[in-house]
Amino acid sequence: MKILVCISHVPDTTSKINFTEDNTKFDANGVQFVINPYDEFGLTRAMWFKEKQGASVDVVNVGGPETEPTLRKALAIGADAAIRVNTMATDAFSVAKQLASIVSNGGYDLVIAGRESIDYNGGMVPGMLAALTGANFVNSCIGLEIEGTNATAVREIDGGKETVSTSLPLIIGGQKGLVEESDLRIPNMRGIMMARKKTLTVAEPVEASDETQSVSFEKPAPKGAVTLVSPDNLDELVSLLHNEAKVI
C-alpha cells in the first residue's frame, strides 16, 4: 500500500501572532512553525500502517523553502520520502490542485490529510482533493482500518460516530482521535540523522488559479480584566456571578 500524507506548515499555537501592511499580511518574524496537529495525527496513523502492513509513506507540502524543516521533521518521524510543491499556499483550491497533481502522478492508494489547518481553518482542501482525483472521501475521520483494497473508517458526526465501509483509493480528512495523543512521536537522534539522507523532491507547480483572497486579519478582542473577590465576601461574589457572568 502506498500512502501520501499531506503536511501543512503552521504556526505553533503558543506563538505571538502579528500582522503587517495595515493588517493584510501575516508577520512570520519570530514565529515557530510546526506540523499541523491534524496532519500529525494522520502521519502517526500512516506510520502504524507502515510498521504493521509494510506500507510506504510519502509526505507532501505546498510551500516555499521555509517549509522544508517541517518536512524533515516528518521524515525524522519515519516517512520514507518528501515532496515540496514549489509555490506559496495562498488558496484552498490552488493547494488542492497542486496536491491532485502529486496524487494522480504518484499512484497512491491512501491519502491522509488533516481535516483542516489550524492557521486558516478552512476545512476545504481534503474534499476538493477527492473531487479532483475521483477518490473516495471520508471527512472528520477518527478511526481507519485497511484490509486489502477495502477500508473501514469511523467519522465523527453530530451527537456520535458513524462507521463506513469503502474501497481504495481513499482520501481522508483526519482529526484528533485517529490516534491517541500519547501515540504521537517525537523524532529521536537516529531518526533525525536518517532524515538527512532521505529524498526531498522539489516539484514545480501546475497551473492553478486562486479562487479566494484574504482581505484583512483581525486579532480577537483582549480578555477583560480578572476581578479578585475575597472568599469572605460572598455577597459580592454572588452579585458578580448574577450580573456579569449571567449565572442564574
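Atoms considered below: every heavy atom in the structure, side chains included; atoms not considered: hydrogens, waters and symmetry mates. In what follows, residues are counted from 1 in the order of the sequence shown. Everything numeric here is computed off the predicted structure, so don't read it as measured data.
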Under 3.5 Å, is there a donor on one side chain and an acceptor on the other for [X] and [Y]?
{"X": "T24", "Y": "D22", "result": "no"}
{"X": "N150", "Y": "S167", "result": "no"}
{"X": "E211", "Y": "S209", "result": "yes"}
{"X": "T166", "Y": "N136", "result": "yes"}
{"X": "D80", "Y": "S56", "result": "no"}

Where is the tightest heavy-atom contact between [X] and [Y], given as atom of each residue plus distance?
{"X": "P169", "Y": "A135", "value": "O-CB, 3.8 Å"}
{"X": "N61", "Y": "T67", "value": "OD1-OG1, 2.7 Å"}
{"X": "F41", "Y": "K176", "value": "CE1-CA, 3.5 Å"}
{"X": "A203", "Y": "I83", "value": "CB-CG2, 4.2 Å"}
{"X": "A96", "Y": "M128", "value": "CB-CB, 3.6 Å"}
{"X": "S8", "Y": "D39", "value": "N-OD2, 2.7 Å"}

Full working for side chain to side chain contact (heavy atoms under 4.5 Å, CB included) between D12 and V31: CA-CA 7 Å; D12 189 293; V31 175; over 6 Å; no
Answer whether the closest heavy-atom distance between the side chains of [X] and [Y] falls below 4.5 Å.
{"X": "D58", "Y": "Y108", "value": "yes"}
{"X": "L75", "Y": "R72", "value": "yes"}
{"X": "V10", "Y": "V34", "value": "yes"}
{"X": "V95", "Y": "V62", "value": "yes"}
{"X": "I172", "Y": "L170", "value": "yes"}
{"X": "N139", "Y": "R115", "value": "yes"}
{"X": "K219", "Y": "N18", "value": "yes"}
{"X": "I102", "Y": "V85", "value": "yes"}

Would [X] end up clustered with [Y] when hydrophobic side chains under 4.5 Å apart are linked, directly or stepwise?
{"X": "V138", "Y": "L99", "result": "no"}
{"X": "I192", "Y": "I7", "result": "no"}
{"X": "I171", "Y": "V57", "result": "no"}
{"X": "V206", "Y": "F93", "result": "no"}
{"X": "L4", "Y": "L129", "result": "yes"}

Going from [atom1] on [X] to [atom2] on [Y], what distance comes out if it is rounded to the nearest 0.5 angstrom?
{"X": "K50", "Y": "M47", "atom1": "NZ", "atom2": "CE", "answer": "4.5 Å"}
{"X": "I3", "Y": "D109", "atom1": "CD1", "atom2": "CG", "answer": "8.0 Å"}
{"X": "N86", "Y": "Q98", "atom1": "CG", "atom2": "CD", "answer": "10.0 Å"}
{"X": "I112", "Y": "R45", "atom1": "CD1", "atom2": "CZ", "answer": "8.5 Å"}
{"X": "D119", "Y": "N36", "atom1": "CG", "atom2": "CG", "answer": "7.0 Å"}
{"X": "D27", "Y": "K16", "atom1": "CG", "atom2": "NZ", "answer": "11.0 Å"}

Expected output: side-chain S104 to main-chain A100 donor-acceptor under 3.5 Å: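 Yes, S104 side chain to A100 backbone: donor-acceptor pair under 3.5 Å.
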Steps toward side chain to side chain contact (heavy atoms under 4.5 Å, CB included) verdict (E156, K161): CA-CA 5 Å; E156 188 175 67; K161 304 175 183 177; 5.8 Å; no
Passing candidate, side-chain contact (heavy atoms from CB on, under 4.5 Å) with V5, options L110, I77, V59: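 Running side-chain contact (heavy atoms from CB on, under 4.5 Å) over L110, I77, V59 with V5 returns exactly one hit, V59.
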Residue that, paired with S94, satisfies side chain to side chain donor-acceptor pair (under 3.5 Å) out of T212, T87, D210: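 For S94, the side chain to side chain donor-acceptor pair (under 3.5 Å) test succeeds with only one of T212, T87, D210, which is D210.
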Around atom [atom1] of [X], are there more than 12 heavy atoms of other residues, nucleotides or ligands at under 6.0 Å?
{"X": "E180", "atom1": "CD", "answer": "no"}
{"X": "E147", "atom1": "CD", "answer": "no"}
{"X": "I186", "atom1": "CD1", "answer": "no"}

C6/V111 under side chain to side chain contact (heavy atoms under 4.5 Å, CB included): CA gap, chis, key distance, verdict: CA-CA 7 Å; C6 302; V111 179; 3.9 Å; yes
Partner residues of R155 under the salt bridge (Lys or Arg N to Asp or Glu O under 4.0 Å) criterion, sequence neighbours left out: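 If we apply the salt bridge (Lys or Arg N to Asp or Glu O under 4.0 Å) test to R155, skipping adjacent residues, the hits are E162.
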Worked verdict on F49 versus M1 for side chain to side chain contact (heavy atoms under 4.5 Å, CB included): CA-CA 9 Å; F49 287 123; M1 180 168 56; 3.9 Å; yes
Plane angle bin for F33 and H9 - parallel if under 30°, tilted between 30 and 60°, otherwise perpendicular: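 Ring orientation, 0 to 90° scale: parallel.
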Presence of salt bridge, E68 and K198, under 4.0 angstrom: no
